[in-house]
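What follows is a set of notes on a single structure, which appears directly below.
Since we're looking at a predicted model, the values are computed, not measured. Just so it is clear, the values below take in all heavy atoms, side chains as well, and ignore hydrogens, waters and symmetry mates. Letters A, B, ... are given to chains in the order of the sequence lines, protein chains preceding strands, and every chain is numbered from 1.
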There are 2 protein chains.
Amino acid sequence: MKRAKKKVFADFMSQKGLKSTKQRDIILDSFLSSDRHLSIEELYLKLRSKHPNIGYATVYRTLKLFAEAGIAREMQFGDGQTRYEHVSEGEHHDHLVCTRCGHIEEFENETIEKLQDEVADSRGFLIERHRLEIYGLCANCRK
Amino acid sequence: MKRAKKKVFADFMSQKGLKSTKQRDIILDSFLSSDRHLSIEELYLKLRSKHPNIGYATVYRTLKLFAEAGIAREMQFGDGQTRYEHVSEGEHHDHLVCTRCGHIEEFENETIEKLQDEVADSRGFLIERHRLEIYGLCANCRK
DNA sequence: CGCCATCATGAAAGTGACATTCATTGGCAT
DNA sequence: ATGCCAATGAATGTCACTTTCATGATGGCG
């Protein structure tokens, strides 16, 4: 899985004529072994401890590259930060976002997707993508 | 409807000990007679032509007040601007957002809501609110 | 291996959309 | 009419990106 994504990224880079660098390797490793919904700042800080020589701009640009390469996706959860989540081939899911601790869970629901298609059809609307986020308190924070 | 919201806002203001001003009246009128999903900038520009003496900050602060009073709701559709939509008592709806022309349609689907409740329940998650947005091409832009 | 056209990097400066400050203005209860 | 306190708007601050630019790496080629 990590290996597969590294290959996808490597292929994307060579196909685009872009170069492999130490920084990009480090950032990719760190991203792949992280929480699934990291902000630029969070990843940057995580890297900083071990690699103080990597700049914010590089993390920023590299995450954009991951998104272009299709191994990450930009997401907004309304906390003012752009988060990047891991993308798995053809998979789609929605989110449960805890408003207290910030924890993000994922879920899938085929029936909801189907109902969305129906709504769109009935309006003559052509779906490109959608987002469904449920905000509230996670099981832990309810206690 | 417009009248009802004016009353809600007036009540809110007097209850909070806040004052009625020319600017707030003008902004409220303009907001109520607008498109349902206006950004601060859009409302500000709309006002500027007739009332060049109203500042951006006043529009910004007044929209926040509308939200506090419960007659407007802040929304993000990923275009980098906060939009304010009209709120009607107890009503909830989701959105179809056209990625070409920016047009925003609303829809309601009781079944989807119910399924969301089920998902949340099964995770021990307590829902505060949710957002569902479907992005794509509206009927007009498909032509 | 060494060259060098390109691409990548990081510090710093720029952007855009809010958000706040502060001197001045203006409601409104008395 | 008067004074207190909220409201206004120009200006400034903030924050999270986003871009610039001088310097440093990379990797195809001879």
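Between the side chain of K19(B) and the base of dC28(C), no donor-acceptor pair of N or O atoms lies under 3.5 Å. On a pure distance criterion of 3.5 Å, no polar donor-acceptor pair joins the side chain of R24(A) and the base of dT26(D).
Note: F9(A) and F66(A) have perpendicular aromatic rings, judged against thresholds of 30 and 60 degrees for the angle between ring planes. Ring planes of H95(B) and H93(B): perpendicular class, angle over 60° (limits at 30 and 60°).
Here the side chain of S20(B) is nearest to one of dC28(C), dG9(D), dT18(D), namely dC28(C). When each of dT18(D), dA19(C), dC17(D) is scored by its nearest atom to the side-chain atoms of T82(A), the top-ranked nucleotide is dC17(D). Between dG10(C), dT21(C), dC17(D), one nucleotide has an atom nearer to the side chain of Q23(A) than all others, and that is dG10(C). The side chain of T21(B) approaches dA7(D) more closely than any other nucleotide in the set dT20(D), dC28(C), dA7(D).
In this entry the distance linking CD1 of I26(B) with P of dT8(D) reads 10 Å, nearest Å. Atom NE2 in H51(A) sits about 20 Å away from atom P in dA8(C), given to the nearest Å. For F12(A) and dC7(C), the CZ to P distance is 14 Å, given to the nearest whole Å. Distance, R61(B) CZ to dA6(D) P: 14 Å, rounded to whole Å. Remark: P of dA17(C) and CG of L43(B) are 16 Å apart, rounded to the nearest angstrom. Atoms CG (L63(A)) and C1' (dT18(D)) sit 14 Å apart, rounded to a whole Å. The separation between Y56(B) atom OH and dG13(D) atom P is 18 Å, rounded to whole Å. Rounded to an integer number of Å, the gap from D25(A) CG to dG27(D) P is 10 Å.
E128(B) and T99(A) are linked by a side-chain donor-acceptor pair at a separation below 3.5 angstrom, with hydrogens and angles left out of the test. In the model, H37(A) has a side-chain atom that pairs as donor or acceptor with a side-chain atom of E106(A) under 3.5 Å.
At distances below 3.5 Å, at least one donor-acceptor pair connects side-chain atoms of R24(B) with backbone N or O atoms of K19(B).
Between T62(B) and L18(A), the residue anchored nearer the 5' end of DNA chain D, judged by the nucleotide with its closest heavy atom, is T62(B).
The residue K16(B) sits apart from the nucleic acid: no heavy atom pair falls under 4.0 Å. Looking at heavy-atom distances under 4.0 Å, E41(B) makes no contact with the nucleic acid at all. In this structure, S39(B) reaches neither bases nor backbone, as no heavy-atom distance under 4.0 Å exists between it and the strands shown.
Note that CG of L65(A) and CD1 of I71(A) are 9.0 Å apart. Values are rounded to the nearest 0.5 Å.
Contact annotation: T58(A) side-chain N/O to dG10(C) OP1/OP2 distance is under 4.0 Å. Checking the phosphate oxygens (OP1, OP2) of dG27(C), a side-chain nitrogen or oxygen of K22(B) falls inside 4.0 Å. For dT18(D), one of the phosphate oxygens OP1 or OP2 lies less than 4.0 angstrom from a side-chain nitrogen or oxygen of Y60(A).
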